[in-house]
Amino acid sequence: MMKKLWSINALATEFDLDRRKVAKRLTGVRSDGQIAGHLPWHLDSALAVMQPKKRHQPTTADGLLEIVLARLEDWREIYVENPKPGEATGAVTIEDVARCSLVEPEDVLSWLWAGCPYLQEGDWDTGGGFVLRYTWAAEWAQMMLTSLKHAGEWQGRRSLRFDKGVFAS
């Protein structure tokens, strides 16, 4: 049985990645042949750059810590390699975050006052015009909630409005 040669488009389909991202990752990887003037690769040649080995191995049961540690390795893909240049990935409003978290928009505004990251600044009194990245808001909220729980800070939990919605326990 002979190894199959894979084009950039075929690899993009198999790895569920954008064709441009596949081409970028294959830069510098010697192709395994040529088909109709295009460079193809064997799957094993492409695999090493399509799914690079992670330096960080899970060492804790804390899922949030795993997310943060994984960012150390995947920061470029998360923050730089945006598939639609000029558009913020995962951009949502305060109302969107509130709806997903089962809290009120005023609760999310209080998170912003306390340091929750955002993509675009809005009105600090009403919350209008703020643009957030949902993952940032959710992870920030979870980090705060975890810190408050470990410290036994139940009053701080109420002040940050983590006593309702998906954060209530």
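Side-chain atoms are counted along with the backbone in the values below, which use heavy atoms only and exclude waters and symmetry mates. Everything numeric in this text was worked out from a predicted model, so none of it was measured.
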With the 4.5 Å side-chain cut-off for hydrophobic clustering, are Val108 and Tyr134 part of the same group?
yes
Does the Trp113 side chain pair with the main chain of Asp125, one donor and one acceptor, at a distance under 3.5 Å?
no
If only atom types and distance count, is the side chain of Ser101 paired as donor or acceptor with the main-chain N or O of Ala98 below 3.5 Å?
no
Smallest separation among heavy atoms of Trp41 and Ala46, with atom names
CB-CB, 4.4 Å
Could you pull out the closest heavy-atom pair between Ile94 and Gly127, with the gap in Å?
CD1-O, 3.3 Å
Evaluate the criterion side chain to side chain donor-acceptor pair (under 3.5 Å) for residue pair Ser110 and Asp107; output intermediate values, then yes/no.
CA-CA 5 Å; Ser110 72; Asp107 299 330; 5.3 Å; no
Quick one: OG1 on Thr146 to NE2 on His150, what's the gap to the nearest 0.5 Å?
5.5 Å
Can you name the side-chain hydrogen bond (donor to acceptor under 3.5 Å, both in side chains) partners of Gln120, sequence neighbours left out?
none
Check the angle between the aromatic planes of Phe162 and Trp140 and answer parallel, tilted or perpendicular using the 30° and 60° thresholds.
tilted
Under the 3.5 angstrom rule, does the side chain of Thr13 hit a backbone N or O of Asn9 as a donor-acceptor pair?
yes
Least distance between heavy atoms, Ala137 atom then Leu132 atom
CB-CD2, 4.1 Å
List the atom of His42, the atom of Trp6, and the distance in Å for their closest heavy-atom pair.
C-CD1, 4.2 Å
Tell me the closest heavy-atom pair linking Asp18 and Ala12, and the distance in Å.
C-CB, 4.3 Å
Val92 and its side chain to side chain contact (heavy atoms under 4.5 Å, CB included) partner, picked from Thr135, Leu119, Val97:
Val97
Could you walk me through whether Asp44 and Lys3 pass the side-chain contact (heavy atoms from CB on, under 4.5 Å) test, one step at a time?
CA-CA 9 Å; Asp44 58 346; Lys3 288 184 176 183; 2.8 Å; yes
Find the distance between CZ (Arg133) and SG (Cys116) and round it off to the nearest 0.5 Å.
12.5 Å
Give the minimum heavy-atom separation between Lys164 and Val103, together with the two atoms involved.
O-CG1, 3.9 Å
Kindly determine whether Glu106 and Arg161 satisfy side-chain contact (heavy atoms from CB on, under 4.5 Å), including the steps that lead there.
CA-CA 9 Å; Glu106 295 78 22; Arg161 304 176 186 195; 3.5 Å; yes
Would you verify whether the NZ or CZ of Arg157 falls within 45 degrees of the ring axis of Trp154 while also being under 6.0 Å from that six-membered ring's centre?
no
Pairing residues for Asp32 by the salt bridge (Lys or Arg N to Asp or Glu O under 4.0 Å) criterion, not counting sequence neighbours:
none
Are Ile8 and Ile35 in one and the same hydrophobic cluster, where Ile, Leu, Val, Met, Phe, Trp and Tyr link if side-chain heavy atoms are under 4.5 Å apart?
no
Output the distance between atom CG (Leu11) and atom CG (Leu17), rounded to the nearest 0.5 Å.
9.5 Å
Would you say Thr27's side chain and Lys24's backbone share a donor-acceptor pair under 3.5 angstrom?
yes
Can you check whether Phe130 and Trp124 have ring centres sitting under 6.0 Å from each other?
yes
Does any N or O in the side chain of Thr126 come within less than 3.5 Å of the main-chain N or O of Gly128, such that one atom is a donor and the other an acceptor?
yes
Are any non-hydrogen side-chain atoms of Leu39 and Leu26 less than 4.5 angstrom apart?
no
Hey, mind stepping through Leu160 and Leu148 against side-chain contact (heavy atoms from CB on, under 4.5 Å) and telling me if it holds?
CA-CA 10 Å; Leu160 283 170; Leu148 291 165; 3.8 Å; yes
Show your working on side-chain contact (heavy atoms from CB on, under 4.5 Å) between Leu5 and Gln34 and close with a plain yes or no.
CA-CA 9 Å; Leu5 290 171; Gln34 190 167 2; over 6 Å; no
